Amino acid sequence: MSGKNIFVLGLEEANLPALHDVPDAERYRFHPLLTHGELQGGEISVPDLLGKAEGILDSFDGTIDAIVGYWDFPVSTFVPILSERYGTRSASLESVVKCEHKYWSRLEQEKAVDTHPRFGRVDLDTPDPRPPEGVRFPMWLKPALAYSSELAFGVHDEAEFRAAVDRIREGIGRVGRPFEDILGRLDLPPEMTGVGGQVCLAEEALSGIQVAVEGYVHDGEVTVYGVLDSIDYPGCSSFLRHQYPSTLPEPVLHRLRDATARVMRQIGMQEATFSVEYFYDPHTDAINVLEVNPRHSQSHAELFQYVDGAPNHHAMLRLALGEDPAMPHRAGRYRTAAKWYYRWFADGVARKVPTHEEIAGIERRIPGTRIHVIPEPGQHLADMAEQDSYSFELAHVFTGGDSEEELREKYDHCVAALDLACERTRPGGRDG
């Protein structure tokens, strides 16, 4: 059987349908390279995992045409390291780390745009850490690197600041220590000397509409192929849904595209996809960069398929193969699409979870839907990986429709049909 051999770091079942839905999918043969659990479970060993990946690739009897990934660290950094060794295409390791290291990323953003919040480092080694000079409450505290908003805390006063610092101190090493192995592979600029990977960042809180700008850099040109709105649960910082395309006015979209191009050129990324997250405040008309991701968002794959006719994995694959990464535009079945996050805001145990057959039946009954349930039956929610600091994800529900009302109706019907049930194990909210 002929075709391009594409090794996917952290390939998991939930993304297989989207990968097989890309244009010309029959040309590709997808091979898993390390499991998602190996890459993001517990504290990883960078040398051990790279060695295991190299063993798999060295023993492969065929051509290695591309090595790709759509997850954050360590996947994002393993792609350029392995691509350099095996002669495949990718962004440079330095440009990826400039995105992944939140403090370094802010330093780069400062050189390109003025659309970012005030920020600074928090000294975790001092007995009595203080907010950085010039950074005001309310603010967010977060490690320089973390998974899915893990250890990110919104704080409003000194007491909350100290409590968040204590939590971050306890957990920062799980990702920070392995990240320092990656930093050791680079010639760092003077402003990053001695900073390391176990760094706590403080940033003034942003408000408004959260927006994600997706695109790629190819032949030195930055292309934005989509802008999405991210809507939170009321009164909470946890996502309710991502919706595509954005409903913001065109002048705002133009400014977002322009700022994105400036930032990506400053970072120096080449031949790779990206996703830059912003806040847009409709009251002040201000836009501010939240974070820069050196990969497209796999969370959005079905949305692009529903609206544009191809999952955004398409651009990643074409870039890795040195081909034209252009995405189709508005060639999909629906005018709009959303990814919904069905959440539980208390600690608990998943007592009732639908089977794969039951989920497939719901998808057949409600066209334009795809459902991924997160917990296993009987699983303690606190044992699930990659959760934010305030809630637990029970299911991801993708819906396509011709109006926002249709998207909401399909989501409501899916949630009712799933009949997920959790038993609360202690009173209070996520941290109670």
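Sequence positions, counted from 1, serve as the residue numbers for this chain. Computed from a prediction, not measured in an experiment: that's the story for all the values here.
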(request) Apply side chain to side chain donor-acceptor pair (under 3.5 Å) to S275 and H296, showing your working. (result) CA-CA 5 Å; S275 176; H296 68 289; over 6 Å; no
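In this structure, W340 and Y411 have parallel ring planes: the angle between them is below the 30° cut-off, well short of the 60° mark. Classified by interplanar angle (parallel below 30°, tilted 30° to 60°, perpendicular above 60°), the ring pair Y341/F239 is tilted. Under the 30°/60° scheme for interplanar angles, the aromatic rings of F73 and F179 are found to stand perpendicular. Between F304 and Y244, the angle of the ring planes lies from 30° to 60°, which puts this pair in the tilted group.
Ionic pairing of R255 and D258 is not present here: no N-O contact between side-chain nitrogen and carboxylate oxygen is shorter than 4.0 angstrom. For D347 and R424, the salt-bridge test fails: no basic side-chain N is under 4.0 Å from an acidic carboxylate O. A salt bridge between E191 and K111 is present, with a side-chain N of the basic residue lying under 4.0 Å from a carboxylate O of the acidic one.
Residues Y86 and D58 bring a donor and an acceptor atom of their side chains to less than 3.5 Å of each other. Checked by atom type, the side-chain pair Y334/T399 shows no donor-acceptor distance below 3.5 Å. Counting only N and O atoms by type, the side chains of Q210 and D232 include no donor and acceptor under 3.5 Å apart.
Partner I64 forms a side-chain contact (heavy atoms from CB on, under 4.5 Å) with one of I6, T88, L33, L82 and no other, that one being T88. The salt bridge (Lys or Arg N to Asp or Glu O under 4.0 Å) test with K142 singles out one residue from E291, E150, E203, and that residue is E203.
For the salt bridge (charged side-chain N to carboxylate O under 4.0 Å, His left out) test, no residue two or more places apart in sequence or in another chain qualifies with E221.
Distance check: I182 CD1 to T77 OG1 gives 4.0 Å after rounding to the nearest 0.5 Å. To the nearest 0.5 Å, atom CZ of residue R257 and atom OG1 of residue T223 are 11.5 Å apart.
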